[in-house]
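First the structure, in the form of structure tokens, and then the observations on it.
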Amino acid sequence: MTSILEQLKDSVSQALVSAFGTELADTDPLLAPTNNPKFGDYQSNVALSLAKPLKQNPRAIAQSIIDQLQVEDICETPTIAGPGFINFTLKSNYIGVLLTKIQSDDRLGIPLVEPTKKVIVDFSSPNIAKEMHVGHLRSTIIGDAIARVLEFRGYDVLRLNHVGDWGTQFGMLIAYLREAYPEALTTANALDIGDLVSLYKKAKVRFDEDEEFKQTARQEVVNLQAGAEDSLHAWGLLCDQSRKEFQVIYDLLDIDLEERGESFYNPFLEDVVSELDNTGLLKKSEGAMCVFLDGFTNKDGDPLPLIVQKTDGGFNYATTDLASIKYRVKEDGADRIIYVTDAGQANHFAGVFQVARKAGILPESVEVVHVPFGLVLGKDGKRIKTRSGDTVKLWNLLEEAIIRADFDISRRLKEEEREETDEFIDHVSTIVGLSAVKYADLSQNRTSDYKFDFDKMLDLKGNTAPYLLYAYVRVQGVSRKGNIDFSQLDSNTAIVLTEAAELALAKHILQLEEVIKEVEASLLPNRICLYLFELSQKFNQFYEQCDILNADEPQRTSRLILADLTARTIKLGLSLLGIKVLERM
Ligand code: ARG
């Protein structure tokens, strides 16, 4: 289906050409949904923008456009408001026709992209031997939502986990384990990740204060890089150990990812650096090999370098990212590469992208986007920490959300004097707890920091997962109460929209396509959350103001269809955020 917005845009574009000639063929019709029903459903500001170039009064321009507009199937005659806005109000029978169309479509009328494109989403990407922290939680949740939206639209999505599985820290760790826990280097499962993290800290202390240990650790890195068998074996065990721990979180959050860590690109690093050298971009500076960046300067105004080879000859994070771009373009055939990391890495990516473009590794036809996000703060507005001041473990956060959801549900059941099985309570609290965490993260504009607040995210009122889940459950309640199978509703029933609440809900349902297309471009999933929140609010108003089961036909069926479409829209929208619905809660 072509969205209403797109149809209206096309109509305005055509009217512009008919009224003022083909020079205006590429003029943006400046059309957007209104946020006040007083001004109709959509508004175009194009007449105002043309006043200067056309040297005419904007209201007169608006009138000339309206005279040429052919939208009578879709809306009432457009009107001019204020200095020259053109307002469009959709015809209710047209809305009914569109609703009938999507009723029989599993995709609710959302089209697939044609032709498809290859998109890589690089997200989650924790570091081996380190704990997965709340920053990785954000990357995981946001990256997964972005991947789901693009997959639903029909893109060929490759979800990559660029884990930090290589680097000098392994030398230190292996050297330390050799003296302290030699069995950990030869036996699988001798350690768990908690041990690994504390061992890592101890190894770091040793490294910083003992010169001899430092030498040994450096030698371990050399051995590892040279492919010494026992070093590689030890490294492999450490990676497996971490991988297993990460997987627990991915399973819990229902995250699908293909691991392709930094080590994967080792064989290509040298080539990338010689490629930079061949293009004349490489400069030696203070012993390191660098490419100087345009538009990035230090305090003194000197250009900043992107270091690609350190003084000791080792490669780094940037070299790996350059090699990975090359691989993703050439081998994976990517058209768009999306990186989901904290905002602190913005300069890293800007530098890497610039160098990749200059070196010809990244052709203009391939789009690269860094999708930055802010910090996770505690309720007090400071960086989230445990009481003892440690970084918060991801697992504990998720566990606590589930426990709190369980507590809420048990209390509610008591109040309502309802009996439910333990199985039911477990299932509901797991879904509610995990959804609440995901939704709290996704509903924020990701570029800002967000406060992690269990009470707020689990609240049944407000822009929260439980509120949306509850709206969905309400619809299912209607079906249970009226003994109605929504899939059997007569699709020949004309949708009658007479009440304001009905009309508002119906129009909102039809905006899903616009919203999804917006997110596909902006990569801001909070737009979907806002849409679903408003949908649930409009449904609740409809539910309170319009009788469904006791209405007379054809209104009854029409309202049942509206309720069903609401539920299906919520279910689909939430699925794009990686959130499952509940039939009862
Ligand atoms: N491992 C990195 C971190 O924990 C994130 C990697 C992001 N992806 C990339 N291609 N650099 O911060």
Side-chain angles (χ1 to χ4, degrees), residues 1 3-8 31-44 71 73-79 81 85-103 108-110 443 461-464 467-468 470-475 477-478 486 489 493-516 518 527-551 554-574:
M1 219 161 88
S3 75
I4 299 171
L5 184 67
E6 284 163 345
Q7 288 184 56
L8 286 175
L31 197 92
T34 59
N35 32 27
N36 185 344
K38 217 172 89 192
F39 302 119
D41 300 312
Y42 291 88
Q43 175 171 304
S44 163
V71 289
D73 292 343
I74 308 179
C75 23
E76 312 293 346
T77 309
T79 55
F85 303 118
I86 307 174
N87 293 339
F88 300 84
T89 302
L90 299 171
K91 278 187 175 159
S92 63
N93 56 354
Y94 180 64
I95 296 169
V97 169
L98 293 183
L99 290 175
T100 303
K101 248 193 211 162
I102 66 172
Q103 192 200 347
L108 295 174
I110 314 298
S443 57
K461 290 181 289 285
N463 188 6
T464 63
Y467 181 74
L468 306 195
Y470 188 67
Y472 180 87
V473 164
R474 242 181 172 180
V475 176
V478 172
F486 284 132
L489 290 173
T493 314
I495 312 258
V496 252
L497 302 165
T498 48
E499 302 302 309
E502 264 174 336
L503 210 56
L505 175 62
K507 286 177 184 174
H508 200 80
I509 290 174
L510 292 172
Q511 281 172 17
L512 178 66
E513 180 175 346
E514 287 157 26
V515 172
I516 290 180
E518 211 180 297
R527 185 66 191 85
I528 295 181
C529 299
L530 181 65
Y531 168 80
L532 294 174
F533 175 51
E534 289 174 350
L535 178 68
S536 306
Q537 283 180 316
K538 291 189 165 133
F539 173 74
N540 286 333
Q541 276 156 17
F542 160 75
Y543 186 83
E544 277 147 29
Q545 290 166 23
C546 306
D547 213 329
I548 304 178
L549 291 172
N550 295 322
Q555 201 148 45
R556 183 174 185 269
T557 305
S558 170
R559 286 184 177 167
L560 284 168
I561 292 175
L562 211 51
D564 174 45
L565 281 175
T566 303
R568 285 165 59 196
T569 306
I570 294 177
K571 186 173 182 175
L572 173 63
L574 286 178

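Everything quoted here is computed from the prediction, not taken from an experiment.
Counting all heavy atoms, side chain and backbone alike, Gln103 lies closest to Leu489 at NE2-O, 3.9 Å. Minimum heavy-atom separation, Thr493 to Pro554: CG2-O, 4.0 Å.
Side-chain contact between Leu99 and Ile509 is present, with heavy atoms from C-beta onward closer than 4.5 Å. Residues His508 and Phe539 fail the side-chain proximity criterion, which asks for heavy atoms closer than 4.5 Å. Counting heavy atoms from C-beta outward, Ile102 and Leu512 have side chains that stay 4.5 Å or more apart. In this structure, the side chains of Cys75 and Leu8 come closer than 4.5 Å at one or more pairs of heavy atoms. Looking at Gln511 and Glu534, their side chains never come closer than 4.5 Å, going by heavy atoms from C-beta outward. Proximity of Glu499 to Phe542: side-chain heavy atoms (C-beta onward) are nowhere separated by under 4.5 Å. By the 4.5 Å heavy-atom criterion applied to side chains, Val97 and Ile495 are not counted as neighbours. Contact annotation: the side chain of Glu514 approaches that of Ile4 to within less than 4.5 Å [non-hydrogen atoms, C-beta and beyond].
Remark: the backbone N or O of Thr566 is not paired with any side-chain donor or acceptor of Tyr472 at under 3.5 angstrom. Of the possible donor and acceptor atoms, one in the side chain of Arg559 sits under 3.5 Å from a partner among the backbone N and O of Asp547.
Judged purely by distance below 3.5 Å, without hydrogens or angles, the side chains of Tyr470 and Asn540 never pair a donor atom with an acceptor atom. If you check the side chains of Ser558 and Glu502, you find no donor sitting under 3.5 Å from an acceptor.
The only member of Val475, Leu505, Ile548 that meets side-chain contact (heavy atoms from CB on, under 4.5 Å) when paired with Leu562 is Leu505.
Atom CG in Leu565 sits 10.0 Å away from atom CG in Leu535 (nearest 0.5 Å).
Sorted by first then second residue, the side chain to side chain donor-acceptor pair (under 3.5 Å) pairs that include residues 85-94, not counting sequence neighbours, are Gln7-Tyr94.
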